[in-house]
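Structure first, then comments.
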Amino acid sequence: MKRLLLIVSVLLVVSAALAACGGGGDTDELEIYSWWAGDEGPALEALITEYNSMYPDVEVINATVAGGSGVEAKAVLKTRLLGGDPPDTFQVHAGQELIGTWVVADKMEDLTFLYEEQGWFDKYPQGLIDAMSTEDGIWSVPVNIHRSNVMWYIPANLESWGITVPATWDEFLAICPTVMDAGVTPLALGENWTVAHLFESVALANLGVDGWNALWAGEKDWTDADVVATWELFGQILACTNEDAASLSWQQASDMVIDGTAAFNIMGDWANGYFETTKGLEPNVDYAWTASPGTDGVFMALSDSFGLPKDAPNRENVLNWLRLMGSVEGQDIFNPLKGSIAAHFDTDLSKYSVYGQSAADDWGSNTVVGSEAHGMVANETFMSGFADVIEGFLNSGDAAAAAATAQELCVSAGICQ
Ligand code: GAL
């Protein structure tokens, strides 16, 4: 009898210890890794506040590595994932950045069970589901849809300089000297990745939807005449940008539009989050937007998502985070602050400003293509290599050389044959 009691009490102690750890080996922490620091932080912080109220016993570690488009964060993440030290969950773009980088490297857990449990297969657009899936599963949960091809400006400033919004790049190049004569930069630009960001809008305009899609399907070469011509056009556009671009963040380039030292900026609609949430400006009054020249009717999309890396220290806490992030409630907390729209079909658009509502309209009616600069159509190998192609072109202005190097990169990244 004594022996039985001893066994029972040992079992009780062990199960109490397991329960204290969350039952699945979890601690009471959750590390969320992203590049949403500083100005980029409010939307994530609001979602974390909601998580805290739902799971008050979990301490959230909001681990950010600052730097637009995650260039720095992704480098640190790589070291951590390859070194066997994954964060509990991390920001990753839906599409090839996820699939062609971390899924092929076998670093992610399949989330099919979570999608089934939450009924999400019917709640997100099929194209987005496909972008996060392989034959073997679905690998992350989207929190938003961002648009890449947006041009921002201040209507009153354009009026004072006597210019109108250019609908094509030819129109832009035609007004470029007028704007320069007024002592104003026609197009604000920032560091390397913002140049790649501009390039994708120019390429979409010049190649059209079919040409753009063919590039990423490996059905078109970077050395084709129309792609070389795109680099040439890009060179002319770069001549209308600020000389100190390399030292500016995307926020500083946006500031040039706000303070009237630049006429336009082409940036994803996180710039809307910056204008509205950070700067307190009123959309369609203090600033306005349009599709980047030559891309009207096309929505170049990307999606921020979070996944569950294999061996995440706090798996159950991550799953609860993903449940919140993928819910319509979570998405409608996050996106009005972020400048993006919800990926979830049941979103309540009354919670969004006039910008979000117009983006949602376009998302529903435009032709959707994927962004390269933000990982929808290109894997990490291509994206990081493309930074060098851009740097080379900024230095030489040689369109044929840029096209040839991009073609080599496309082959080595496994996109082109
Ligand atoms: C993108 C990301 C956006 C925003 C932007 C600027 O790659 O998808 O959410 O953070 O970078 O940093």
Side-chain angles (χ1 to χ4, degrees), residues 69 147-153 165-176 179 185-216 220-242 245 250 253 257 262-269 271 289-302 366-367 369-374 376-378 382-383 386-407 409-410:
S69 94
R147 184 176 191 176
S148 163
N149 60 321
V150 191
M151 186 163 77
W152 308 92
Y153 59 94
V165 179
T168 63
W169 284 111
D170 281 349
E171 284 181 29
F172 171 80
L173 290 174
I175 60 172
C176 171
V179 181
T185 299
L187 187 64
L189 199 59
E191 58 189 316
N192 180 298
W193 76 264
T194 74
V195 186
H197 184 101
L198 173 62
F199 179 84
E200 69 180 9
S201 266
V202 175
L204 175 61
N206 213 43
L207 303 176
V209 167
D210 290 347
W212 177 256
N213 287 340
L215 266 187
W216 305 108
K220 181 170 183 59
D221 285 340
W222 284 79
T223 45
D224 284 3
D226 55 351
V227 189
V228 178
T230 299
W231 284 102
E232 276 158 6
L233 170 63
F234 191 51
Q236 291 174 277
I237 296 165
L238 289 180
C240 301
T241 62
N242 43 305
W250 70 264
V257 175
F264 301 103
N265 183 28
I266 288 179
M267 189 39 61
D269 49 14
W289 60 90
T290 186
S292 58
T295 69
D296 192 32
V298 187
F299 191 112
M300 183 176 264
L302 59 121
N366 284 192
T367 304
V369 299
S371 158
E372 173 273 320
H374 306 279
M376 184 60 101
V377 291
F382 188 92
M383 276 185 285
F386 199 63
D388 297 334
V389 177
I390 288 287
E391 207 52 44
F393 186 70
L394 285 171
N395 291 329
S396 72
D398 185 336
T405 333
Q407 178 63 21
L409 174 62
C410 187

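Everything numeric in this text was worked out from a predicted model, so none of it was measured.
- There is no side-chain donor-acceptor pair under 3.5 Å between Ser371 and Ser148.
- You'll find the side chain of Glu372 stays beyond 4.5 Å of the side chain of Met300, heavy atoms only.
- Of all the heavy atoms in Val179 and Ala263, the pair that sits closest is CG1-CB, 4.1 Å.
- Looking only at side-chain heavy atoms (C-beta outward), Met151 and Pro166 come within less than 4.5 Å of each other.
- Between Lys220 and Val227, the closest side-chain pair of non-hydrogen atoms falls below 4.5 Å.
- For the side chain to side chain contact (heavy atoms under 4.5 Å, CB included) test, residues two or more places apart in sequence or in another chain that qualify with Ala271 are Trp152, Trp250, Ser254, Met267, Phe275.
- Side-chain contact between Phe264 and Pro186 is absent, with no heavy-atom pair separated by less than 4.5 Å.
- Looking at every heavy atom in both residues, Ala406 comes nearest to Phe382 through O-CE1, 4.3 Å.
- Note: Trp216 and Trp222 have perpendicular aromatic rings, judged against thresholds of 30 and 60 degrees for the angle between ring planes.
- Here the shortest heavy-atom pairing between Thr223 and Val228 reads O-CG2, 3.7 Å.
- Within 6.0 Å of the CG atom in Asp388, the count of heavy atoms belonging to other residues, nucleotides or ligands exceeds 12.
- Here the CG atom belonging to Asn265 is positioned 11.0 Å from the OG1 atom belonging to Thr241, to the nearest 0.5 angstrom.
- Remark: Ile390 CD1 to Leu238 CG distance equals 8.0 Å, nearest 0.5 Å.
- Trp169 and Phe172 have perpendicular rings, their planes meeting at more than 60° on a 0 to 90° scale where under 30° would count as parallel.
- With contacts defined as side-chain heavy-atom distances shorter than 4.5 Å, the pair Glu200/Val377 does not qualify.
- Between the CG atom of Asp269 and the CG atom of Leu302 there is a distance of 8.0 Å, given to the nearest 0.5 Å.
- Under the 3.5 Å distance criterion, the side-chain polar atoms of Thr295 are left unmatched by any main-chain donor or acceptor of Val298.
- Of all heavy-atom pairs between Phe386 and Leu409, the closest is N-CD2, 3.3 Å.
- Across all their heavy atoms, Ala291 and Arg147 have their closest contact at CB-NH2, 3.9 Å.
- For the atom pair CG of Asp170 and CD1 of Ile175, the computed distance is 12.0 Å after rounding to the nearest 0.5 Å.
- Here CG of Leu187 is found 5.5 Å from CD1 of Ile266. Values are rounded to the nearest 0.5 Å.
- Two rings, from Phe199 and Phe393, have their centers 6.0 Å or more apart.
- The minimum heavy-atom distance linking Cys240 with Thr185 is given by the pair O-CG2, 3.9 Å.
- For the pair Ser201 (side chain) and Leu198 (backbone), a donor-acceptor distance under 3.5 Å is absent.
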Would you mind writing out the side-chain donor-acceptor pairs for residues 189-196 within the sub-3.5 Å range, not counting sequence neighbours?
residue: Glu191; atom: OE2; partner: Trp193; partner atom: NE1; Å: 3.4
residue: Asn192; atom: ND2; partner: Ala387; partner atom: O; Å: 3.0
residue: Asn192; atom: ND2; partner: Glu391; partner atom: OE1; Å: 2.8
residue: Trp193; atom: NE1; partner: Gly68; partner atom: O; Å: 3.2
residue: Thr194; atom: OG1; partner: Gly190; partner atom: N; Å: 3.0
residue: Thr194; atom: OG1; partner: Gly190; partner atom: O; Å: 3.1
residue: Thr194; atom: OG1; partner: Glu191; partner atom: O; Å: 2.8

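- Contact check for Leu173 versus Ile237: side-chain heavy atoms found under the 4.5 Å cut-off.
- Using a distance-only test at 3.5 Å, with no hydrogens or angles considered, a donor-acceptor pair links the side chain of His197 to the main chain of Gly268.
- Atom CG of Asp296 is separated from atom CG of Asn366 by 7.0 Å, given to the nearest 0.5 angstrom.
- Within 6.0 Å of CG in Asp210 there are 12 or fewer heavy atoms belonging to other residues, nucleotides or ligands.
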